Amino acid sequence: MSEKQRILVVGGNPEVVQRLFGSFEDSCEVIREPDPAAALELLGKERFDGVYLGSEHLTEALEIGRVLRNEQILQGLPSGVVLLDQEGVILWSNGRLEQWTGQDKTVGRKFYAVLGNPEILGPDFCPFHTAWATGAATCTTLRVLENRYFQIHVAPVERQASAHQIVTLRDVTVEVQQQQKLAAIHQAGRQLADLTAEELLEMSVDERIELLKSNILHFTKDLLKYEVVEIRLLDPKTGRLEPLLAEGMEPDAAERVLYAKPQDNGVTGFVAATGKSYLCEDTSEDPLYLPGAKGAKSSLTVPLLLHDEVIGTFNVESDKPRAFNENDLQFLEIFARGVAAALNTLELLVAEKASTAAASVEAIHSAVALPVDEILNDAVNVMERYIGHEPEVVERLQRILRNARDIKQTIQKVGQTMAPATALPSPPQPEREALLGAQILLVDEDAAVRSAAHALLERYGCIVEAAPNGAQALSMVRAMREQGGYSAIITDIRLPDMSGYEFLLRLQDVVDVEPLPLILMTGFGYDPSHTIVKARQAGVTNVLYKPFRLDQLLSTVEKVVAAPRAVAQPSA
């Protein structure tokens with residue numbers, strides 16, 4: 001006996017339905033369902049040979065019919081499309097979910113169960129509840145097994161008798177993993193030269209360089225998955241690219257003399273000369289490529305950039321042709337910026353610690369410099385209160401100021417008798433006569449920055465004093481007027497008690513010379529008070545962007561110190 005055909009009857013006049021199907025009861029199984037939405041749910045769960053629809057549900061049926069007629073189109077979409085009931089059970093799927101999960105059937109199962117009870121990453125941590133409660137669409141990201149990521153969009157579909165939700169899914173695994181890798185590369189770049197002052201003091205120059213090289217190799221291999229690495233540093237005087245690190249390179253290639261020139265110096269010389277990254281997809285066909293790693297079929301070379309200046313090159317190679325793509329280029333450029341910053345930071349931090357003798361002098365200086373600054377700050381504060389009232393007290397305080405400054409200069413003279421070496425393999429800094437004896441005031445809340453200013457500038461003969469805030473700095477400037485004033489004032493644009501621009505305006509009331517000997521320091525973050533723009537409008541154009549190179553600091557200070565000054569005339 002053959003199996004009865006199954007007919008789904010949706011609504012309709014009972015008498016009409018009876019007349020139409022009553023005579024077929026022996027050969028047909030008639031299932032009646034008054035609600036079109038519930039009927040659609042049945043269609044998703046069970047097999048039917050035919051559907052009869054009452055005219056009163058024509059409008060809703062047309063909507064459902066359009067979905068059914070366009071099912072083939074939905075199945076061809078790259079995104080998953082799923083219809084859920086109020087319990088989160090799948091009523092219909094376009095098949096993409098089955099492909100992604102490797103399951104033959106998803107209809108009739110809970111949505112989250114099909115995905116293996118994924119972790120909800122947000123931004124909406126209850127998307128289905130939110131869609132029901134608000135009647136509006138919402139979205140979130142799910143992490144499923146094997147680190148796959150899906151972005152889902154949930155939209156409610158309400159009808160008279162029941163309600164459903166349409167869920168679209170998009171596989172965003174590649175996008176999320178790229179973002180994770182970018183974040184990891186940024187973090188790795190920050191960690192390359194992450195050393196405390198105590199750690200630096202305990203390490204020799206060679207040990208610091210080896211640690212940095214070790215960190216670069218570690219992150220390059222474990223994070224970027226590159227086994228062949230070559231880093232060269234540019235000597236700005238000779239234009240020669242000096243080898244710093246070579247892993248997996250042939251000895252002859254690692255020792256090859258290269259210059260920052262676009263011709264006859266391989267890809268590395270071209271990148272150093274132009275400041276542009278270079279992707280060599282096939283070494284056998286690229287006229288610029290010079291043999292590096294044994295059997296290399298492709299290479300990727302990016303410049304080491306610090307404030308848009310080339311300080312070296314970073315090269316990786318592979319034994320497979322076309323092994324690198326635009327994503328690899330982006331990743332390596334980001335990591336190279338971290339390497340450049342680490343090399344710069346290392347140079348700044350150890351400029352006064354490159355030999356045992358210099359380190360000893362700095363240890364003494366570091367222990368004295370900031371406390372002496374505090375003595376100067378306190379003495380100036382007290383002196384301002386007694387000026388015009390207690391001449392003897394003022395005279396004694398002035399003596400304290402002179403003695404405190406003599407202590408610092410005595411230590412500095414001892415340090416100048418010893419010749420510290422630089423931390424990185426570069427020629428020694430030339431003498432800067434304009435800085436000898438220059439009186440410098442550094443204004444910054446960070447004690448580490450104030451200490452670094454002493455260490456770096458006093459190496460070149462400057463006399464450095466420091467203040468932690470704007471008010472204290474202004475007191476120091478007023479007290480220094482009788483001695484001719486400061487040669488240069490360096491201030492951070494974000495002081496604890498005022499903005500850099502407010503400090504500039506108040507400084508103009510104290511210092512009556514033009515141009516104002518002011519240098520502004522800032523990072524690359526948001527400047528809410530627009531200090532830099534306002535300062536330029538006021539004629540102050542000297543700006544240092546942290547982290548700055550030692551030569552940039554010295555050149556900027558030298559420029560301000562050497563600038564001719566005129567006494568400002570009072571306005572009529």
Side-chain angles (χ1 to χ4, degrees), residues 373 376-388 394 397-398 401-402 404-405 408-409 434-445 449-450 453-454 457-458 461-522 527 529-544 553-572:
D373 281 336
L376 293 173
N377 294 165
D378 292 342
V380 165
N381 276 340
V382 175
M383 188 171 67
E384 283 195 336
R385 297 177 188 175
Y386 283 91
I387 287 178
V394 173
L397 289 169
Q398 288 174 336
L401 288 173
R402 288 194 297 271
R405 286 170 172 146
K408 293 168 62 178
Q409 292 184 39
L435 298 181
L436 294 176
Q439 297 274 1
I440 310 297
L441 177 62
L442 188 285
V443 192
D444 198 296
E445 184 180 16
V449 174
R450 301 198 300 271
H454 281 289
L457 292 173
E458 290 178 356
C462 295
I463 301 170
V464 180
E465 295 175 1
N469 56 57
Q472 189 65 65
L474 292 169
S475 295
M476 297 285 288
V477 172
R478 285 191 289 268
M480 193 65 178
R481 284 184 296 190
E482 292 185 4
Q483 285 76 41
Y486 289 104
S487 308
I489 302 167
I490 309 171
T491 180
D492 189 78
I493 67 168
R494 298 182 183 182
L495 299 174
D497 55 346
M498 64 184 72
S499 71
Y501 185 65
E502 290 172 333
F503 179 76
L504 184 158
L505 295 178
R506 296 178 64 177
L507 189 63
Q508 287 177 327
D509 295 334
V510 179
V511 178
D512 55 354
V513 297
E514 294 181 355
L516 202 65
L518 183 64
I519 301 171
L520 299 173
M521 291 188 301
T522 179
D527 177 12
S529 62
H530 305 290
T531 291
I532 302 300
V533 174
K534 294 177 181 177
R536 291 187 189 281
Q537 294 172 347
V540 176
T541 59
N542 299 297
V543 181
L544 286 170
L553 169 65
L554 296 173
S555 297
T556 304
V557 174
E558 198 171 38
K559 174 184 174 183
V560 172
V561 168
R565 309 209 178 276
V567 176
Q569 298 297 324
S571 57

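Just the heavy atoms: all of them, side chains too, but no hydrogens, waters or symmetry mates, feed the values below. Since the model is a prediction, treat every value here as computed from it, not as a measurement.
- Contact record, Leu441 with Ala467: CD1-N, 4.3 Å, taken as the closest heavy-atom pair.
- Taken from CG in Leu516 to CG in Asn542, the straight-line distance is 10.0 Å, to the nearest 0.5 Å.
- When all heavy atoms of Tyr486 and Met480 are compared, the pair lying nearest together is CE1-CB, 3.6 Å.
- Considering every non-hydrogen atom in both Ser487 and Pro517, the closest pair reads O-CB, 3.4 Å.
- Val561 has its side chain within reach of Ile440: a pair of non-hydrogen atoms, C-beta onward, lies under 4.5 Å apart.
- Between the CG atom of Leu507 and the CD1 atom of Ile489 there is a distance of 4.5 Å, given to the nearest 0.5 Å.
- For the pair Asp497 and Phe503, the minimum side-chain heavy-atom distance is 4.5 Å or more.
- With rounding to the nearest 0.5 angstrom, the CD1 atom of Ile493 is 7.5 Å from the CG atom of Leu520.
- Side-chain atoms of Asp444 do not come within 3.5 Å of backbone N or O of Asp492 as any donor-acceptor pair.
- Closest approach of Val510 to Arg478, counting heavy atoms only: CG1-CG, 3.5 Å.
- Looking at Leu518 and Val511, their side chains never come closer than 4.5 Å, going by heavy atoms from C-beta outward.
- Residues Asn469 and Leu495 form no side-chain contact, since every pair of their non-hydrogen atoms from C-beta on lies 4.5 Å or further apart.
- Without hydrogens or angle criteria, Glu502 side chain to Ser499 main chain gives a donor-acceptor distance under 3.5 Å.
- Between the side chain of Arg450 and the main chain of Val443, no donor-acceptor pair closer than 3.5 Å is present.
- Residues satisfying the salt bridge (Lys or Arg N to Asp or Glu O under 4.0 Å) test with Arg536, not counting sequence neighbours, are none.
- Rounding to the nearest 0.5 Å places CD1 of Ile519 at 6.0 Å from CG of Leu544.
- Across all non-hydrogen atoms, the minimal contact from Gly437 to Ile463 is O-CD1, 4.0 Å.
- Here the CG atom belonging to Leu554 is positioned 6.0 Å from the CG atom belonging to Leu435, to the nearest 0.5 angstrom.
- The environment of CD in Glu445 is sparse: at most 12 heavy-atom neighbours from other residues, nucleotides or ligands sit within 6.0 Å.
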request  = Given side chain to side chain contact (heavy atoms under 4.5 Å, CB included), test Ile490 with Leu457 step by step and report yes or no.
outcome  = CA-CA 12 Å; Ile490 309 171; Leu457 292 173; 4.1 Å; yes
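- In terms of heavy atoms, Ala471 sits closest to Met498 at N-CE, 3.8 Å.
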